[in-house]
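Scroll down for the structure; my scribbles are underneath it.
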Amino acid sequence: MNSIVTKCPKVSLSNGLQIPILGLGTSHDGGYSHDAMLYALRECGVRHIDTAKRYGCEEQLSIAVQESGVPRQDLWLTTKLWPGEYGYTAAKKACRDSCSRLGVEYLDLYLMHWPDAMVPGRSNREVRVETWRALEELYNEGVCRAIGVSNFLVSHLKELKEDCSVVPHVNQVEYHPFQQPEELVEYCRQEGIVFEGYCPLAKGQALSHPTILQLAHKYARTPSQICIRWSVQPQNHLLEWSCHHSQVHPKREDPGKLSSLWVPTGGERHGGIGQVA
């Protein structure tokens, strides 16, 4: 068995479950590769996989997991609920449909994909609360071992805390040197919500930035490894988008320097989170 499996650190959720700090993400618009997924599972020892109904690859992912030979109990599987299926009844059905497409009886983590409910005539808060209550029931029933949200701001998290009984276990947000929502990171830390960062390479923009190139040269690492190492500093949790061995197994070099890495963007936003009521 690849040594990465035993060496990959884990992060504890508020309910006691532990999630591998490094994961493999999928996406829409060609963001899934069967060969890359098999490579990650068989050769890189990846045991944390993230997908979504929106990406349209849950069934293909199920096939790759079966072909990999990795036992279900050794995998952490995350998928997401798209706003088009928000609402109590629709959310519960969507979750079970995702389980069916993935070929599993339960999900390790189920996320609300976006704070905007997209339901005409109803407030976002009202629909989010109704949807979250469905996820709470799925959690209590054991269909989801943990539940969380994605792209939620502090205001959205505060509302859920006021309106519901289970605080999200995870908030998944775009996070890299170009985008560091420190207020959100700190709020999640205070509330016991694991902050999970996605898109660590800033959609490729970070790979050519002078500061990152300088660090890569200094430590004889690739720019991807520098970004990933920075992202998995203590109390951050990374969702990785590449299956290449050199990117999913970063070296732990000079954490003091990397933790202070900040790349100015001239005021341009790079992220998925937005000001949704």
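Partner Asp163 forms a side chain to side chain contact (heavy atoms under 4.5 Å, CB included) with one of Glu130, Arg125, Arg128 and no other, that one being Arg125. Partner Leu207 forms a side chain to side chain contact (heavy atoms under 4.5 Å, CB included) with one of Thr222, Leu201, Ile226 and no other, that one being Leu201. When the options Leu17, Leu107, Val46 are evaluated for a side chain to side chain contact (heavy atoms under 4.5 Å, CB included) with Trp76, the one that passes is Leu17. Partner of Ser98 under the side-chain hydrogen bond (donor to acceptor under 3.5 Å, both in side chains) criterion, out of Lys80, Glu85, Glu58, Lys93: Glu58 alone.
Between Met37 and Thr26, some side-chain heavy-atom pair lies under the 4.5 Å cut-off. Using a 4.5 Å heavy-atom cutoff, the side chains of Ile228 and Leu22 are in contact. Looking at heavy atoms from C-beta onward, Ser150 lies out of side-chain contact with Val173 at the 4.5 angstrom threshold. Side-chain contact between Asn124 and Pro115 is absent, with no heavy atoms from C-beta onward closer than 4.5 Å. Between Lys161 and Leu157, the closest side-chain pair of non-hydrogen atoms is not below 4.5 Å. Contact of the Cys164 side chain with the Val129 side chain is registered, since non-hydrogen atoms from C-beta on lie closer than 4.5 Å. Within the 4.5 Å cutoff, side-chain heavy atoms of Trp132 are placed close to those of Val149. Annotation: side chain of Phe195 is not in contact with side chain of Arg189 (no heavy-atom distance under 4.5 Å).
For Gln190, the CD atom counts as densely surrounded, since its 6.0 Å shell holds more than 12 non-hydrogen atoms of other residues, nucleotides or ligands. For His34, the NE2 atom sits in a packed shell: over 12 heavy atoms of surrounding residues, nucleotides or ligands are nearer than 6.0 Å.
Transitive grouping of hydrophobic side chains (ILVMFWY, heavy atoms separated by less than 4.5 Å) brings Leu77 and Tyr139 into a common cluster. Note: the hydrophobic cluster containing Val154 also contains Val166 (ILVMFWY, side chain heavy atoms under 4.5 Å, direct or indirect links). Using a 4.5 Å cut-off between side-chain heavy atoms of Ile, Leu, Val, Met, Phe, Trp and Tyr, with links allowed through other members, Val104 and Ile49 fall into the same hydrophobic cluster. Tyr88 and Val143 are members of different hydrophobic clusters when ILVMFWY side chains are connected at heavy-atom separations under 4.5 Å.
Without hydrogens or angle criteria, Asn140 side chain to Glu136 main chain gives a donor-acceptor distance under 3.5 Å. The backbone N or O of Trp114 lies less than 3.5 Å from no partner atom in the side chain of Asn151, so there is not a single donor-acceptor pair. Arg42 places a side-chain N or O within donor-acceptor distance of the main-chain N or O of Glu67, the cut-off being under 3.5 Å. Between the Ser14 side chain and the His169 main chain, no donor and acceptor come within less than 3.5 Å of each other. Distance alone, capped at 3.5 Å, is enough to place a donor-acceptor pair between the His156 side chain and the Leu153 backbone. Put simply, the side chain of Arg72 gets close to the backbone of Tyr106: a donor and an acceptor are under 3.5 Å apart.
The shortest heavy-atom contact between Ala134 and Lys92 is CB-CG, 3.6 Å. Between Ile212 and Ala206, the closest heavy-atom pair is CD1-O, 3.3 Å.
In summary, the side chains of Thr79 and Thr51 do not present any donor paired with an acceptor at a separation below 3.5 Å, with no hydrogens or angles considered. Side-chain contact, Gln172 with Asp50: a donor N or O sits under 3.5 Å from an acceptor N or O.
The cationic atom of Arg229 (NZ for Lys, CZ for Arg) does not lie both less than 6.0 Å from the six-membered ring centre of Tyr219 and within 45° of the ring axis.
With rounding to the nearest 0.5 angstrom, the CG atom of Leu13 is 9.5 Å from the CD atom of Glu196. Between atom SG of residue Cys144 and atom CG of residue Leu135 there is a gap of 6.0 Å, rounded to the nearest 0.5 Å. Expressed to the nearest 0.5 Å, how far CG of Asp108 lies from CG of Leu75 amounts to 8.0 Å. Within the model, atoms CG of Leu138 and CZ of Arg96 stand 6.0 Å from one another, a figure rounded to the nearest 0.5 Å. In this structure, the separation between OH on Tyr187 and CZ on Phe152 is 12.0 Å, given to the nearest 0.5 Å. Taking NE2 from His113 and OH from Tyr86, the interatomic distance works out to 8.0 Å, rounded to the nearest 0.5 Å.
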Decide side-chain contact (heavy atoms from CB on, under 4.5 Å) for Val70 and Arg47; before the verdict, give the C-alpha distance in whole Å, the side-chain angles of both, and the deciding distance to 0.1 Å.
-> CA-CA 9 Å; Val70 177; Arg47 294 296 180 265; 3.6 Å; yes
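Relative ring orientation between Trp230 and Tyr175 is described as parallel, the plane-to-plane angle staying below 30° on a 0-90° scale split at 30° and 60°.
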